[in-house]
Undergrad: 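Take this structure, written in structure tokens, and hold onto it; I'll ask about it next.
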Amino acid sequence: MLTMTSPVPPGGQLVDHPALPGGYAEPDWSKPLPSREGDRVIQFREALREAISEEMRRDERVFLLGEEVAEYNGAYKVSQGMLDEFGPKRIIDSPISENGFAGLGAAAAMYGLRPIIEFMSWSFSLVAADQIMNNVPKMLYMSGGQWGCPIVFRGNDGAGGQLGSTHSWTVEGLYANVPGVKIAIPSCPYDAKGLLKTAILDPDPVFFLESERMLGDKAHVPEEEYYIPFGQAARLREGDACTLVSFGRPVNFCLEAADALAGEGIDVDVLDMRTIRPLDMNSVIESIKRTNRVVVVDQCWPFGSVASEVVTQIIERGFDWLDHPPVRVNTEDVPTPYAKQLEAAYLPSTERIIAAVRGAVG
Amino acid sequence: MPKKVVYKAQIEHLQILDEEGKLDTKLAKDTLDDEQVVHLYEQMSITRHYDEVAFKLQRSGRMGTYPQNKGQEANAAASALALRKGWDWLVPCYRENTALFMHGLPMHYVLLHWMGDERGNQIPEGVNITPLSIPIGTHMLHATGIAWAAKLRAEDRVVATYFGDGATSEGDFHGAMNFASVMQAPVLFYCQNNQWAISVPREIQMNSETVAQKAFAYGMPTIQIDGNDIFAVYKATKDAVDRARDGGGPSFIEAVTYRLADHTTADDAKRYRDPEEVEAWRAKDPLIRTRKYMESKGLWDDTKQTELQERAEKIVAEVVRTAEGIEKPTPADFFNHMFAELPHELERQRDTMHTSSLCQNPEQAGLRAGLERV
């Protein structure tokens, strides 16, 4: 029924794996990434769509399942037009049952398909907690290497759109604690495409965290196919006054802060981690050896957050290089407020990042 | 051993007041009297106007999101009347405004909620309503829990919980139904089958002929009713509530109705619904048929309608004024209800409004000694 048209990307290779029928494709990592500069300006959501569509054209095992993804073209229009191209067998509207479709997806992945499961919001993934935290990440381990689970869960993560406390989860802190998953969190359309394509090829479960606030962001995205390797941070600004470490949407605030600070003669390194599992701590430590100061910006709650992990590892590995205690910029430790002005005050912002850097270098 | 049938079931559909406003007087016996009909019509009309105003508030940027109730008011209104105000509990989702108001929730609270002020969820003492539940289906378990607690405390309270057709796909629904049935909890599961879960029609949401039949799996009395018919809603609710109060356990009602508006203000239903379908349902509007019935009985006329419209406008304008007149919450307010007593590190966050790290020295976090932002 399902045929593999061309499951391996150009220059890539097929890798055999005992738990993955048909093996898995690995891109050619030696191929340099295309330039970030250019005039093919598209939206973040279009970059996501391009990544999914390209992989679906290549590999008929790939399908998209979720609420509102088909007839409605996606609650956030990521899958616009995809039902027309791929049909209802591959772009599938699901009943409202996150635990149900997360579990179905897990089983489909175990049986050799390549599901992409869309959570309208990662907030809703909490009702699928047992599937995505207790089943999917442990599948390979607990089956003694017999069942793989090459699945992508993706959707909107984080607050900022006045969606209220229960719909504004930033889940990376919670899920990063679970061994067995990979977590990618792009900050721009270019990375969205390259990271999502890698996620779909990946032989392990990947949680892909998008942001409703960024779906309309526009930037150059190369038309060609490219795969961004997991576990490699991008250094987006260079400076030796302080290191700014972030991931996902707040990276954009860090860039704004870096530009503003540059005007004051404070040049900062900005590292976009791109994936938080795996986490490219080597790049962070290398940067700190030059700057001796670090501010970690994370839109999760502070307690036990990814920022906590980054700071811990900095202390463990780079303590002697520090001239100032590491600083974290997180959200406040309260449920996400719904009112506009409260939500803005709650989230990390350019102003708070600037204040933190000034404090660290002052 | 011959084969034998071990279970047989059928579902009744109840309609008492039809689309044309004609009443089946036999079925209507011992249901609503004239005064109650007029009362329900007024309540539905006022909340219909409230709904329209709330929609405009959102469109003009004065409210975050709003889910319109339009077209479904008969469900909330007539079921609320069959429940004992201030004694029985309502566990709503977000399309039951009329029921909330009839059970004593000040009307501006719902606006406050959608404007992002959590004080809109500070339900006043004596009003037995839980806060609006936005995650789909999770509140049905709460309803079962409240009902079970009431039973354990030997109080003859009944709990009614409202949800949509889509919510019956959630695991929580099945958990709540099973527990309610096993524990014979006094709870009414009221499904407003409005045909659409955002853009997903009922036929894709489930493959069963009716929603009502799902209750068979839990051994629960079940019925399908015309949800735009105040008589049917009242009768079915009253039967279920009486049964529950007498120790007869839970019941299920599938009320067939229609969401005449969008899912919420973030949705545009025109993109996925057939306009002919919407038009057909407009003709079944509970307000239209109730008015036709009242007019046929001489209970209503154009003068009364004009007076009611003026009254609704006045009430809703006052409600909006009240909601908007309440001082907006400040960022420091979001620490108010975190714990019974605010822990030291949260106090520090409140005082600095800069969390960075829960235990970090403020100077290290870019703050001066006086705790001002640098």
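Every chain is numbered from 1 and lettered A, B, ... according to where its sequence line falls, protein lines coming before strand lines.
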Undergrad: In Å and rounded to the nearest 0.5 Å, what is the OG to CG distance from S79(A) to D84(A)?
TA: 10.5 Å

Undergrad: Side chain, backbone, both or neither: which part of H337(B) has a non-hydrogen atom closer than 4.5 Å to chain A?
TA: neither

Undergrad: Tell me, side chain or backbone of D268(B) under 4.5 Å from chain A's heavy atoms, or both, or neither?
TA: backbone

Undergrad: Under the 3.5 angstrom rule, does the side chain of R49(A) hit a backbone N or O of V78(A) as a donor-acceptor pair?
TA: yes

Undergrad: Measure distances from D267(B) to the heavy atoms of chain A and classify the residue's part below 4.5 Å as side chain, backbone, both or neither.
TA: both

Undergrad: Does a salt bridge link R271(B) with D262(B), judged by any charged N lying under 4.0 Å from a carboxylate O?
TA: no

Undergrad: For the interface with chain B, which of A339(A), P95(A), S165(A), S94(A) has the highest count of heavy-atom pairs at distances below 4.5 Å?
TA: P95(A)

Undergrad: Taking the ring of F119(A) and the ring of F124(A), is the distance between their centroids below 6.0 Å?
TA: no

Undergrad: Indicate yes or no: does R45(A) engage E210(A) in a salt bridge with an N to O separation below 4.0 Å.
TA: no

Undergrad: Side chain, backbone, both or neither: which part of T168(B) has a heavy atom under 4.5 Å from chain A?
TA: neither

Undergrad: Can you say whether I198(B) sits under 4.5 Å from chain A via the side chain, the backbone, both, or neither, judging by heavy atoms?
TA: both

Undergrad: Under the 3.5 angstrom rule, does the side chain of S123(A) hit a backbone N or O of W169(A) as a donor-acceptor pair?
TA: yes

Undergrad: Could you check which of T65(B), T138(B), D172(B), D117(B) has the highest count of heavy-atom pairs closer than 4.5 Å to chain A?
TA: T65(B)

Undergrad: Which bit of E67(A) comes within less than 4.5 Å of chain B, counting heavy atoms only: side chain, backbone, both or neither?
TA: neither

